[in-house]
Amino acid sequence: MPVAGLPRATFIIDNGAYNIKAGFATNEVPSVIPNCLARGRGRQVYIGDEFFTQCKDFSGVVFRRPFEKGHLTNWESEKAIWDRLLFSNEVGFHVDPDETVLTVTEPALQLPVCSSNMDQIVFEEYGFSSYYRCTTAALVHENETGILFGASGRSDTSLIIDSGYSATVIIPIIENNVYYPAVRRLNVGGKLLRNFLKETISFRYYNMMDESWIVNEIKDQCCFVTTSFAKDLETCKKLPAARNPLALDYVLPRAMASGIRQGHIRDKALPSDPDDQILTLGNERFSVPELLFNPSDIGMRQAGLPEAIMQSISAVPDADVRGLLLGNVVFVGGNTKFSGFRDRMSTELRALVPDDITLRLGFPEEPITYGWQGGAKLGMDRTSLQSRQVTRKEYLEHGPSICMRKFGKKTVKVLENNV
């Protein structure tokens with residue numbers, strides 16, 4: 001039964017730069033739609049989910065994304081995507097803003113003007129009843145139960161690593177609040193990895209500089225994280241592709257009488273079609289994800305992810321809190337799905353952490369939607385959500401400043417004498 005005086009529904013939007021994960025708190029799983037406007041070769045424009053449902057030929061598709069370098073800067077595009085997400089018959093949510101609490105995520109290091117723009121859109125354009133803005137890491141923290149603590153509950157201190165499309169961000173949460181002095185950003189995300197693979201393939205094999213979608217599919221299907229980079233690189237140098245156990249054939253998409261056949265990994269046990277365009281990948285398969293661990297390979301002056309995690313930990317003054325953070329590390333985001341990522345990260349982090357400190361790493365089965373699941377869990381706890389949200393009445397009375405006060409950076413006291 002709805003509580004008197006409260007909105008009847010809670011809608012969660014995990015607003016990623018690559019995909020939007022959205023749904024009501026009562027849904028078991030979210031809908032995942034591209035956060036983009038796409039234009040195909042026929043000059044037709046696809047908005048959000050239309051790209052999956054209506055686009056048949058992914059070759060040469062041009063994307064326009066609302067996010068630029070990890071910041072939401074283009075609300076004209078984002079609002080068109082949100083309009084379809086919230087109200088269209090095809091997506092099927094039919095959200096009534098007057099009767100809905102909106103929970104929406106933003107990047108951890110979002111510019112204040114971008115946050116303010118979102119507040120204005122939510123209340124002044126859509127007119128939602130209530131609204132809670134937070135980072136994806138905050139929702140992941142809400143959903144820790146079962147990953148690190150089993151049935152015993154969760155800690156109020158955790159370290160969230162969110163490796164997504166624009167960047168990889170390391171976010172310490174202490175006493176349920178983000179500790180911003182220790183937040184670290186590694187400018188390696190899915191976009192950079194895709195572009196590096198696209199340039200490599202275009203230089204060595206076929207010109208695929210205009211095939212962002214196809215190259216991204218190749219990256220997701222073929223790449224893996226190696227635990228022995230030098231050894232695997234030597235294997236690829238010495239052995240021809242036919243005898244190289246690391247080499248893989250990828251059949252590129254092509255037009256057929258029955259329609260567009262999508263790209264796929266070729267089964268070497270089966271005969272190949274002479275009309276197929278086959279891309280043979282060797283060291284590209286592991287040299288691309290290697291940038292997460294060694295950005296200096298392409299001249300970036302940043303530490304790899306394990307070292308960046310330890311830099312974040314070192315920025316916390318209290319030794320006891322540092323130990324708690326290392327005991328509660330959760331990895332989310334699409335880049336954590338690479339085969340071998342878990343083993344490599346566990347090995348390299350364990351080598352950097354003192355032997356007397358317990359290191360526990362959590363890898364959710366669905367790292368892309370795990371933040372949304374935390375939002376859904378929070379949405380079912382009306383008391384907790386009500387204490388964090390801003391109502392439309394409060395916004396109209398106090399203006400955007402109420403959102404900045406309630407959702408802005410909160411001071412977390414950390415002892416400095418226990419080092």
Side-chain angles (χ1 to χ4, degrees), residues 7-35 48-49 82 85-86 91-93 95 100-108 128 130-165 168-173 176-178 189-190 220 328-338 341-342 360-389 407:
R8 292 181 295 180
T10 300
F11 194 77
I12 302 100
I13 299 178
D14 186 1
N15 203 49
Y18 189 75
N19 284 324
I20 294 176
K21 288 72 67 178
F24 288 103
T26 52
N27 296 141
E28 291 186 5
V29 294
S31 293
V32 181
I33 68 170
N35 194 3
D49 67 292
W82 277 26
L85 169 70
L86 296 171
V91 180
F93 286 123
V95 176
T100 305
V101 178
L102 177 67
T103 297
V104 63
T105 64
E106 65 174 355
F128 276 95
S130 304
Y131 163 59
Y132 173 49
R133 166 169 54 80
C134 63
T135 63
T136 300
L139 298 185
V140 170
H141 183 70
E142 291 291 331
N143 200 30
E144 273 184 30
T145 303
I147 291 295
L148 293 169
F149 304 100
S152 62
R154 68 179 180 86
S155 169
D156 64 358
T157 300
S158 61
L159 186 69
I160 311 299
I161 291 85
D162 186 357
S163 186
Y165 179 70
T168 299
V169 187
I170 303 157
I171 307 171
I173 295 181
N176 298 319
N177 290 302
V178 175
D220 291 345
N328 306 298
V329 185
V330 180
F331 291 84
V332 295
N335 298 323
T336 67
K337 296 183 71 174
F338 282 122
F341 179 89
R342 179 174 186 164
R360 291 190 295 183
L361 308 181
F363 295 88
E365 292 184 8
E366 298 295 337
I368 293 176
T369 60
Y370 195 69
W372 181 91
Q373 293 168 3
K377 184 177 178 180
L378 177 63
M380 300 301 289
D381 183 355
R382 285 297 183 89
T383 302
S384 179
L385 182 58
Q386 192 176 12
S387 67
R388 308 181 193 193
Q389 68 192 21
F407 304 145

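Note that the structure is a prediction, hence the values are computed from the model and not measured. Only this structure's heavy atoms are used, side chains among them; waters, hydrogens and symmetry mates stay out. We're numbering straight along the sequence, starting at 1.
Here the CG atom belonging to Asp162 is positioned 8.5 Å from the OG1 atom belonging to Thr135, to the nearest 0.5 angstrom. Here the CG-CH2 distance, from Asn143 to Trp372, works out to 10.0 Å after rounding to the nearest 0.5 Å. We find the NZ-CD1 distance between Lys337 and Ile368 to be 4.5 Å, quoted to the nearest 0.5 Å. Annotation: the span from Ile13 atom CD1 to Lys21 atom NZ amounts to 11.5 Å, rounded to 0.5 Å. Between the CG atom in Leu102 and the CH2 atom in Trp82 there is a gap of 6.0 Å [rounded to 0.5 Å]. For the atom pair CZ (Phe331) and CD1 (Ile161), the distance works out to 4.5 Å, reported to the nearest 0.5 Å.
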Derivation of the side-chain contact (heavy atoms from CB on, under 4.5 Å) call for Val91 and Ile33: CA-CA 9 Å; Val91 180; Ile33 68 170; 5.5 Å; no

Steps toward side-chain contact (heavy atoms from CB on, under 4.5 Å) verdict (Asn15, Asn35): CA-CA 8 Å; Asn15 203 49; Asn35 194 3; 3.8 Å; yes

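Here the closest non-hydrogen pair linking Ile12 and Ala376 is CD1-CA, 3.7 Å. Of all non-hydrogen atoms in Thr10 and Gly379, the two that sit nearest each other are OG1-O, 3.7 Å. For Gly371 against Thr136, the heavy-atom pair with the smallest separation is CA-CG2, 4.2 Å. Taking both residues in full, the closest heavy atoms of Tyr370 and Pro364 are given as CD1-CB, 3.5 Å, listed atom of the first, atom of the second, then distance.
A donor-acceptor pair under 3.5 Å links the side-chain atoms of Asn335 to the main chain of Gly164, judged by distance alone. Panel note: side chain Asn27, backbone Phe24; a donor-acceptor pair is recorded below 3.5 Å. Within the 3.5 Å criterion, the main-chain N or O of Thr157 finds a donor-acceptor partner in the side chain of Asn328. Side chain of Tyr165 to backbone of Gly16: no donor-acceptor contact under 3.5 angstrom is found.
Taking the charged nitrogens against the carboxylate oxygens, Glu142 and Lys377 have no contact shorter than 4.0 Å, which rules out a salt bridge.
Residues Thr103 and Leu385 meet the side-chain proximity criterion, which asks for heavy atoms closer than 4.5 Å.
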